[in-house]
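Below is one structure, written out as structure tokens; comments come after it.
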Amino acid sequence: MDFSRRALLTTLPASALLSVAAPARSPAAAPGVDDHDRILSNTLAILTGTPESNAHPEVAARLADIASTAQRHLTAMDRAAPGELFPNLPLGTSDPNLHTTYRYLYEIALATPSPATQRRVIDALAQLHDTYYGDQSRGYYGNWFTWEIGISTHVTKALILLRNELATHHPTLTATYLASMDAYLRNGKNGDVDLDSRFHTGANLADITTNRILQGALTGDGARVTKAVADQLTVYATVEEGDGFHADGSFIQHESVAYTGAYGKNLLTRAVQTLKLLHGTGFAPATPLAPVIQGWITHSFAPVIFEGWLMEIVKGRTVSRQQTGYADVSTIVEAVTDLSSHTSDQDAHVLKSYAKSLAQVSASPPDPKDFVSPVTIAAYADILADPTIPAEDLVPSEHHAAFNAMDRTVHRRPGYAFALARSSRRISKYEYMNGENLTPWFQGDGAHYLYLTGQDQTEAFGVDHFTTVSPYHLAGVTAPVEPRRTIPDLYGTPWYDNPEAGFTASSTRQNQYVYFPLATNTHSGGAHLGPYGTSSLVLGDDAAHAARHELPPDFVTYANARATKSWFMFDDEIVILTADLHDPAGRPLTTILDTRITAPSTPLTLAEGPNWLHCTGPDFSLGYVFLTNTTPTARLTTVTNSRRLIRTANPDTPIAKQIFTLLQEHPPTPHPHSLAYALLPNATRAQLDSYDSPLSILSNTPHLQAVEHQGLSLLMANTFTPGPHQAGPLTIEGPASVLLHTTPDGTLSMAISDPTTERRSISLTLHGHSLRVLSADEGMQVRRLPDRTRIEASTHRLHGRSLAARLRP
């Protein structure tokens, strides 16, 4: 079998497996009727709570919300017009309206209403099936997700909640719905999951299989449950390409989108729910899953959360939604809380400490009322009230996360976090879909987000950042001075509709060229050595423009600028170099050194020095040091835009923001431009006045970009072209990312990675030093010569991960 999709967790280390207590029942036991009932009782506990959980005063708000939501929907049903069950949700042609109608019925059933109300919901479900759902030849319009996942999720839970009343009032309805839900798995095989389908991967696969576990328990179909569990287990395997969690902590969905903060979050929720659903049953897998899930939280989620805010770089098209980064983290805290009940005592303590820390550092702490389960609310309240549980982050205050498998980087220090989004032939430049993220064009072109400690990040980032900041003026981006048009504006629909040319709503070509096109460059990556790191990127066109000659004449594409970029991330400075900056079409360009938004009334002060700029507001202080002839322009403007500008489903709410932009204009010239500057987060004006730069730019060309920090005795270099490149004492062969750190006792530490992900090995020579090995990662070969040291790093199939070694004379 293909390991990446079908093998069952054979890569888990024995130490991880032994750290978790055995399941309550032996998973080898043959599942029986009691196991089906146990799954259903576990499900009811998740959805409606238990007498013990519901006695907690902290749960009362959630129970009240469930009741009031149900009553609101019942009242609305009385006002429905013909052709709808709820007002303003006409049925028959809109799959979002049908999906929402099913969700409302589930939310009524969730409130455990009277038998009369339950029968009313059952009759409504029967009516929907007979009129708008049961005829598969008329269904399946719009988004495939609605029919294969969305509706099935709400219907399945509603059938469980209504099970007893269904037995007497409409005993055949459950079987009728299951047959239809199977029939709507059109991207599956024979009414079931297809592990080879591009639609049945990652979070989508977890959603579908969770539904099928519940459906099997509801009908006593043990084979259905067993098959669904086996299918879902494939998402726990570490993957080397495509959808799922990667060895470096990256998470990808849709084959090429960096998506930890949306689909990854959904998969985390489903995985923890599976633990809860199968707890105490013979269907529980023999290999404990909790260590795998805890690894996701530690290595994939925690690094992209800063003071309770989920970073923009891993949210795909959902950056245009109104839900805040704080609300996103609430979902993760819910999963962390649940997972702590299924691990060893030691691991539970770590998870609980993390949950408590997120509550304490967040400007908008998780609201337990938004948790799915009353049981989780009660457990979370116990964590917060327990004085023996300290509040501890899972990520050190000094940390560098190189998510090169998804072209993302996060650099963290006390006081700030710097997040960077890149793209390549492996990772999409951006994601647009379904009228969401309408202006995404440069979000993967080196856009950065600088999160400052103590700030309410909703005032600096989130939906209002993308609403008011020009898509051409995202921080870190180089863009042509040329307007672009959104997909709905170009074609009048949320996608390019041309079936004869292979463009339908969910077609492969739509994905490739409209929804999430890849970049055309191979070079995007970096290396890290402990808490320090470098990243690099060669800008190019997206896949659609590269395929311009193959596409229909009315399909619009846009050409990008060209540049070679590097980011060198130290403690107090983030150095950004740009070389060979030009436009093949001869258009003027702009590079945005930084962009910040504030409320229109926020007083901002700008101060300039001979080679620096300082920007300060009531709750932040930023410094910019210009390391070459860079002469940017600082602008303060006030912009008012509607949130609908970036997402068609957003309300037409006007948002006004003051925008600080630091930009460099590049007029068309025969010679390429270059830039070199440093961001100094939290620097004061006094510090800039007396700043004695420890930075030396060793090279800023399209062949080699390198910086040395004398204060840290740290050299960082990115090379981009074949052949030898000289950076200080190093000669680096071909494209690579290298860090070299020297300690006072003469110990040298180095890290090497392949930013193209295509090289089998990287060779470098350290001149003037004949060194012996103290330690070296597997794949690092060190040869000691009389006046130099030769290092060979085997980078094949490492997917951009770093190899490190420590050497001494």
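Computed from a predicted model, the values in this text were never measured in an experiment. For this chain, numbers begin at 1 and follow the sequence in order. Atoms considered below: every heavy atom in the structure, side chains included; atoms not considered: hydrogens, waters and symmetry mates.
Here the side chain of Thr318 pairs no donor or acceptor atom with the backbone of Arg321 at under 3.5 angstrom. Judged by distance alone, with hydrogens and angles left aside, the side-chain atoms of Asn54 form a donor-acceptor pair with the main-chain N or O of Thr48 at under 3.5 Å. Thr168 places a side-chain N or O within donor-acceptor distance of the main-chain N or O of Glu165, the cut-off being under 3.5 Å. Asp35 places a side-chain N or O within donor-acceptor distance of the main-chain N or O of Gly282, the cut-off being under 3.5 Å.
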Set out, in order, the CA-CA distance, both residues' side-chain angles and the distance that settles side-chain contact (heavy atoms from CB on, under 4.5 Å) for Arg120 and Ile108, then state yes or no.
CA-CA 10 Å; Arg120 186 178 182 185; Ile108 296 172; over 6 Å; no
CA sep, side-chain torsions, deciding dist, call: Glu334, Val372, side-chain contact (heavy atoms from CB on, under 4.5 Å):
CA-CA 8 Å; Glu334 183 176 5; Val372 170; 3.3 Å; yes
Does the side-chain contact (heavy atoms from CB on, under 4.5 Å) test come out yes or no for His246 and Val239, once each step is laid out?
CA-CA 5 Å; His246 293 243; Val239 300; 3.4 Å; yes
Go through the steps to decide whether His799 and Glu241 satisfy the test side-chain contact (heavy atoms from CB on, under 4.5 Å), and finish with yes or no.
CA-CA 9 Å; His799 308 286; Glu241 60 182 19; 5.6 Å; no
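Side-chain contact between Tyr259 and Asp243 is absent, with no heavy atoms from C-beta onward closer than 4.5 Å. Side chains of Arg72 and Thr69 form a contact here, defined as non-hydrogen atoms less than 4.5 Å apart. At least one side-chain heavy atom of His200 sits under 4.5 Å from a side-chain heavy atom of Glu148.
In this structure, a donor-acceptor pair under 3.5 Å is present between the side chains of Thr274 and Gln232. Of the N and O atoms on the side chains of Ser357 and Asp393, not one donor lies less than 3.5 Å from an acceptor on the other residue. At a cut-off of 3.5 Å, with distance as the only test, no side-chain donor of Asp221 or Gln215 sits close to an acceptor on the other residue.
Every residue two or more places apart in sequence or in another chain that forms a ring pair (Phe, Tyr, Trp, His ring centres under 6.0 Å) with Tyr380 is listed here: Phe371.
With respect to the salt-bridge test (charged N to carboxylate O, under 4.0 angstrom), the residues Glu255 and Arg198 do not qualify. By the 4.0 Å N-to-carboxylate-O rule, Arg38 lies too far from Asp34 to be salt-bridged with it. A salt bridge links Arg212 with Asp192; the closest basic N to acidic carboxylate O contact falls under 4.0 Å.
Here the straight-line distance linking atom CG of Asp207 with atom OH of Tyr263 works out to 9.0 Å at 0.5 Å rounding.
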